Q: 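Mind looking over this structure? Questions follow.
Worth knowing before you read on, the calculation uses all heavy atoms, side chains too, and leaves out hydrogens, waters and symmetry mates. No experiment lies behind these values; they were computed from the predicted model shown.
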Amino acid sequence: MRFFLFISICYFSLSLHSAMAQGHSPYCMHAKSTADNQACLKRHLESAQKRLNDIYTKLTDTLEGEALETLQVLQKSWLDYRDKECSWEMSLSESPALKRADELSCIARITEDRADILTVAL
């Protein structure tokens, strides 16, 4: 029983540390369980997706012709990259709960990065 408790505490500490280290602290600073951690990662992802969608919409409204078509092709390529990168990162975890947390963390992180890049372009 002690061993199980020790492993659970280590697992929880690592998952929270991973979330904090990857820039999720405003969303995850009060997480007290794996479920809390996943909920905060989902909030971060939703925020990142909203930010990216807003910037992408503004950028597409300012572009036309070949520049707009190029952006649309790049965005599709980026989505493919994001999905493959996060699938790979998720595959490195052995625990199902960590797999989901790693996937959410990765998608949020890469989405934030993409929003930063498009903000510069805007």
Q: Is it true that I110 and L52 fall in one hydrophobic cluster, defined by side-chain heavy atoms closer than 4.5 Å?
A: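 I110 clusters together with L52.
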Q: List for me each residue that meets salt bridge (Lys or Arg N to Asp or Glu O under 4.0 Å) alongside K84, sequence neighbours excluded, and say none if there are none.
A: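 Salt bridge (Lys or Arg N to Asp or Glu O under 4.0 Å) check on K84 returns D80.
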Q: Check whether any side-chain heavy atom of R82 sits under 4.5 Å from a side-chain heavy atom of R109, and report yes or no.
A: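 Side-chain contact under 4.5 Å: no.
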Q: Side chain of S105, backbone of D102: donor and acceptor closer than 3.5 Å?
A: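 Side chain of S105 to backbone of D102, a donor-acceptor pair under 3.5 Å: no, none is there.
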Q: Might you point out which heavy atoms bring A48 and A108 nearest each other, and give the distance in Å?
A: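 Result for this residue pair: CB-O, 3.9 Å.
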Q: Looking at CG of L104 and NE2 of H44, how far apart are the two atoms once the value is rounded to the nearest 0.5 Å?
A: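 Between L104 CG and H44 NE2, I get 11.0 Å after rounding to 0.5 Å.
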Q: Using the rule that Ile, Leu, Val, Met, Phe, Trp and Tyr join whenever any side-chain heavy atoms are under 4.5 Å apart, tell me whether L118 and L122 fall into a single cluster.
A: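 Shared cluster, yes.
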Q: What's in the same ILVMFWY side-chain cluster as I117, cut-off under 4.5 Å, chained through other members?
A: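 Traced through the cluster, I117 reaches no other member.
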Q: Tell me which pairs pass side chain to side chain donor-acceptor pair (under 3.5 Å) where either residue lies in residues 51-74, with sequence neighbours left out.
A: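 Listed once each, the pairs are K50-D54, R51-E112, R51-D116.
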Q: Any chance you could measure L68, atom CG, to L59, atom CG, to the nearest 0.5 Å?
A: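 Those atoms lie 8.5 Å apart.
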Q: Are L45 and M90 joined in one hydrophobic group, where the rule is that I, L, V, M, F, W and Y side chains link up if heavy atoms are under 4.5 Å apart?
A: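 Different hydrophobic clusters.
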Q: Do E85 and C106 come close enough that some side-chain heavy atom pair is under 4.5 Å?
A: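 When only atoms from C-beta onward are counted, C106 and E85 do touch, with a gap below 4.5 Å.
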Q: Would you please test W78 and D83 for side-chain contact (heavy atoms from CB on, under 4.5 Å) and show each step?
A: CA-CA 9 Å; W78 172 80; D83 293 345; over 6 Å; no
Q: Between S47 and R43, is there a donor-acceptor pair closer than 3.5 Å when you use the side chain of the first and the backbone of the second?
A: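 Side chain of S47 to backbone of R43, a donor-acceptor pair under 3.5 Å: no, none is there.
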Q: Check the hydrophobic clustering (I, L, V, M, F, W, Y; side-chain heavy atoms under 4.5 Å; chains of links allowed) and say if L79 and L71 are grouped together.
A: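 Same cluster: L79 reaches L71 through Ile, Leu, Val, Met, Phe, Trp or Tyr contacts under 4.5 Å.
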Q: For the atom pair CD (E103) and CD (E89), what is the distance rounded to the nearest 0.5 Å?
A: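 So the gap between those two atoms works out to 10.5 Å.
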